[in-house]
Amino acid sequence: QRMQKLEEERSLREEEVKKKKACLEELLVQNVCFQNLLGRNHGMEMQERQTRDVAARPKLEKIPLPLIVVNTNSRAVVQCEMTPDRTNVNFDFSLPFEINDDNQIL
């Protein structure tokens with residue numbers, strides 16, 4: 001009986017390790033995505049500085065982080081409220097919606 005309990009505990013621990021490994025892999029992928037985006041933004045900023053004096057060139061845009069995209073049906077009614085300092089945004093959807101974070105988008 002003691003051996004059975006130890007084997008059950010071992011399998012539980014192995015499952016925990018598997019979950020933690022998967023979580024770590026996800027975090028590593030997110031880190032790579034963030035680093036790539038930071039490098040892209042830095043490169044664009046340097047290019048913008050070099051071309052700042054040329055008025056005919058379009059302004060380069062950065063992608064700010066964190067970034068989320070919310071998808072819903074085109075017939076949905078979406079109400080949006082934002083605090084004056086733009087630190088909090090509330091959405092109210094009349095139909096189901098989906099949220100994608102920057103890791104999924106990048």
Practice task
Any chance you could lay out the side chain to side chain contact (heavy atoms under 4.5 Å, CB included) test for Val70 and Phe93, step after step, and finish with the verdict?
Solution key: CA-CA 10 Å; Val70 181; Phe93 294 87; 3.3 Å; yes

Handout entry: Heavy-atom side-chain proximity of Lys5 to Arg2 below 4.5 angstrom
Key =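 When only atoms from C-beta onward are counted, Arg2 and Lys5 do not touch, as no gap falls below 4.5 Å.
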
Roughly how far, to the nearest 0.5 Å, is [atom2] of [Y] from [atom1] of [X]?
X	Y	atom1	atom2	answer
Asn88	Glu81	CG	CD	10.0 Å
Leu12	Glu7	CG	CD	12.0 Å
Cys23	Lys19	SG	NZ	11.5 Å

Problem - salt_bridge(Arg10, Glu14) N-O dist < 4.0 Å - result: yes

Practice task
Output yes when Glu25 and Lys21 qualify as a salt bridge under the 4.0 Å nitrogen-oxygen rule, no when they do not.
Solution key: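 Looking at Glu25 and Lys21, the cut-off is not met.
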
Handout entry: Glu16 atom CD, over 12 foreign heavy atoms within 6.0 Å
Key =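 Count over threshold, so yes.
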
Exercise for the section: Indicate, with yes or no, if Leu95 and Phe97 share a hydrophobic cluster defined by side-chain heavy-atom contacts under 4.5 Å among Ile, Leu, Val, Met, Phe, Trp and Tyr. Expected result: no

Practice task
State, to 0.1 Å, how close Ser94 and Val77 come at their nearest heavy-atom pair, and which atoms those are.
Solution key: OG-N, 2.7 Å

Exercise for the section: Can you see which heavy atom on Glu98 is nearest to which on Asn100, and at what distance? Expected result: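 Where Glu98 meets Asn100 most closely, the heavy atoms are OE1-ND2, 3.4 Å.
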
